[in-house]
There are 2 protein chains.
Amino acid sequence: MTSSTIDRILDAAEVEFAAHGFVETSLRTITSKAKVNLAAVNYHFGSKKGLIQAVTDRFLGPLTKNLQTQLSAYEMALTETQGDEQELQVLLGILARSCQQVAQQNHHSLAVFARLINTAYSQSQGHLRKHLTKQYGASFMYFMKLLRRHMPPMTHEQFFWRFHYLLGILVFSISSSEALLAICEREYASSRSLDQIMADIVPVMASAAQASIIGDS
Amino acid sequence: MTSSTIDRILDAAEVEFAAHGFVETSLRTITSKAKVNLAAVNYHFGSKKGLIQAVTDRFLGPLTKNLQTQLSAYEMALTETQGDEQELQVLLGILARSCQQVAQQNHHSLAVFARLINTAYSQSQGHLRKHLTKQYGASFMYFMKLLRRHMPPMTHEQFFWRFHYLLGILVFSISSSEALLAICEREYASSRSLDQIMADIVPVMASAAQASIIGDS
DNA sequence: TATTGTTTAAAACGAACGTTTAAAACTACC
DNA sequence: GGTAGTTTTAAACGTTCGTTTTAAACAATA
């Protein structure tokens, strides 16, 4: 209760970052929406960069934890070995649902998270990407290892790229979801939800993961 | 020759936009790299927004033209009807090669183009996306129509989303290519090129396009 | 050559940004 | 109740940005 200031800043920052990006969102609009003094951001987070990192950590921390437990449960449960297609869908479904669960439990915006990953990777010089890989890279290695079991044989390098192709489906769609959902509603009079999108994406990712390698590297 | 100023600005802007994004790139660095006076941007392009639009039009104009001719040739050549998988690869290969050709012929950066599309869609309120769809949307409808012929039966809405899933593979990978290529070189001592990435992506996109619909909308 | 229209040049403007500062307000503990 | 530590407040700082302005340089025409 003492420092609801911090939470209010994080909540407002998340919303604004999701709507307008990191650079185009000023600390003044964040602190204004949070009903908090401007200096509070620098006092509690050190800098704007620190705030951005805090917003990401507030999502990625629970996400990696959630993902880890669900993947452990997946490995424990010795199910009948199905086809690779099904296994891939199960694994990617775990990832998708993990994102959704963490987002819902902590009242986070999935879009801002996707946007964050997107901008983190787009900036070749981005310090954020390095922070993310340093901090959470290991946690995702486990997932990637499980995933690779059911994918066509390929080199580490090829898998690296393939994984990012799959990531692109997720990240681009979710980070563009606001615009796409609006278009969809106007064009097709549809009221589709992000949850449906997440469910739709899983088999598409699984299919993309299974595409066989052509030529050699 | 009289206005090489315009071209020098466009060239420099493209490079800087690709490297640091649109918001983080100042007109001062652009005009400095272009060896042009600061005021030249506002004189020739009206505003920074006008410059961004000019950079995109310089790519999308030739691209749509190139794509149109190649697709017409594709439709004219009455080849033996192959499987959907092959046809999809042909069509998506045309798109990929069209992007590469236009980029190479006009000395454009594929990365900045992908980044542009990425940010255009990420900003739900973005005027750039509306400009792009208004200006070039019709040209891409034709491509989408051809593509859909060889995809599983689905509603217009489902196809809309599926198409953007495929787009995500392309856009995310290319706009992150700078960072990913650097990681790849450091981690796997590989000197992969963007051209190879583009070729790799095609069958993955084709596979994603073919994933069958589950459940109903 | 004089004139007109176009392009470049240098300088400044006003606004918005992240950050810092210094005092005030608040909290908790002795 | 006074005191030490923490948080909040209001104001200002210095920078950088996109844009504008005014004049100079240039180009083309008659």
Side-chain angles (χ1 to χ4, degrees), chain A residues 1-58 112 115-116 119-120 122-123 125-128 131, chain B residues 1-58 112 115-116 119-120 122-123 125-128 131:
Chain A
M1 190 61 52
T2 152
S3 50
S4 88
T5 300
I6 292 180
D7 293 326
R8 286 222 305 282
I9 291 176
L10 286 172
D11 290 337
E14 191 173 299
V15 171
E16 293 303 308
F17 284 158
H20 308 107
F22 304 105
V23 193
E24 292 139 285
T25 300
S26 71
L27 296 183
R28 281 172 173 82
T29 73
I30 291 175
T31 54
S32 169
K33 301 252 178 185
K35 295 189 192 308
V36 155
N37 189 272
L38 168 62
V41 168
N42 285 280
Y43 177 76
H44 287 290
F45 301 98
S47 65
K48 185 180 183 179
K49 193 176 291 185
L51 173 60
I52 295 175
Q53 218 166 84
V55 170
T56 84
D57 288 337
R58 195 168 66 140
V112 71
R115 251 231 247 177
L116 197 136
T119 64
S122 290
Q123 313 215 34
Q125 186 69 316
H127 295 187
L128 183 55
H131 168 72
Chain B
M1 192 55 54
T2 152
S3 51
S4 89
T5 300
I6 293 180
D7 293 327
R8 288 223 303 283
I9 291 175
L10 286 173
D11 290 338
E14 194 172 297
V15 171
E16 292 303 309
F17 285 157
H20 308 108
F22 304 104
V23 193
E24 293 139 284
T25 300
S26 72
L27 296 184
R28 281 172 173 82
T29 72
I30 290 174
T31 54
S32 168
K33 302 253 178 185
K35 296 191 192 306
V36 154
N37 189 271
L38 168 61
V41 169
N42 286 279
Y43 176 76
H44 286 291
F45 300 99
S47 65
K48 185 180 185 179
K49 192 176 291 184
L51 172 60
I52 294 176
Q53 220 167 82
V55 170
T56 83
D57 287 337
R58 197 168 65 141
V112 70
R115 241 223 260 177
L116 195 136
T119 63
S122 290
Q123 314 216 32
Q125 187 68 316
H127 294 190
L128 182 56
H131 168 72

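Fair warning: this is a prediction, and the values are worked out from it, not measured in the lab. The sequence lines fix the lettering, A, B, ..., with proteins before strands; numbering per chain opens at 1.
Between B/Phe22 atom CZ and D/dC17 atom P the separation is 17 Å, expressed in whole Å. As a whole-Å value, the separation of A/Tyr43 OH from D/dG5 P is 13 Å. If you measure from atom CD1 of B/Ile6 to atom C1' of C/dT7, you get 10 Å, rounded to the nearest angstrom. Put simply, NZ on B/Lys48 is 8 Å from P on D/dT19, counting in whole angstrom units. The CD atom of B/Glu16 sits 12 Å away from the P atom of D/dC17 (whole-angstrom rounding). Between the CD1 atom of A/Ile52 and the P atom of C/dG18 there is a distance of 9 Å, given to the nearest Å. With rounding to whole Å, B/Glu24 atom CD is found 12 Å from D/dG18 atom P. At whole-Å resolution of the value, CZ in B/Phe45 and C1' in D/dG18 are 15 Å apart.
In this structure, A/His44 reaches the D/dT8 phosphate: one of its side-chain N or O atoms is under 4.0 Å from OP1 or OP2. Regarding contacts with the backbone of C/dC17, a side-chain N or O of A/Ser26 is found under 4.0 angstrom from either OP1 or OP2. Regarding contacts with the backbone of D/dT7, every side-chain N or O of A/Thr5 stays at 4.0 angstrom or more from both OP1 and OP2. Neither OP1 nor OP2 of D/dG18 sits under 4.0 Å from any side-chain N or O of B/Asn42. For A/Ser47 and C/dG18, the shortest distance from a side-chain N or O to OP1 or OP2 is not below 4.0 Å.
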Every protein N/O within reach of nucleotides 26-28 of chain C N/O, cut-off under 3.5 Å:
none

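The shortest heavy-atom contact between B/Arg58 and B/Asp7 is NH1-O, 4.4 Å. Across all their heavy atoms, B/Lys33 and B/Ala12 have their closest contact at CB-CB, 4.3 Å.
At distances below 3.5 Å, not a single donor-acceptor pair connects side-chain atoms of B/Thr25 with backbone N or O atoms of B/Phe22.
A/Asn37 is not listed as a side-chain neighbour of A/Tyr43, based on a closest heavy-atom distance of 4.5 Å or more. Between A/Val41 and A/Lys48 the shortest side-chain heavy-atom distance does not fall below 4.5 Å. B/Leu51 places none of its side-chain heavy atoms less than 4.5 Å from the side chain of B/Asn42. Under the 4.5 Å side-chain criterion, counting only non-hydrogen atoms from C-beta, A/Phe17 is in contact with A/Ile52.
Taken to the nearest 0.5 Å, the OG1 atom of B/Thr31 stands 10.5 Å off from the CD atom of B/Glu16. Going from atom CG of A/Asp11 over to atom CD1 of A/Ile30 covers 11.5 Å, rounded to the nearest 0.5 Å.
In the set D/dA12, C/dA9, C/dT8, the nucleotide with an atom closest to the side chain of A/Arg28 is D/dA12.
Shown for residues 29-38 of chain A: residues whose heavy atoms fall under 4.0 angstrom of DNA chain D, namely A/Asn37.
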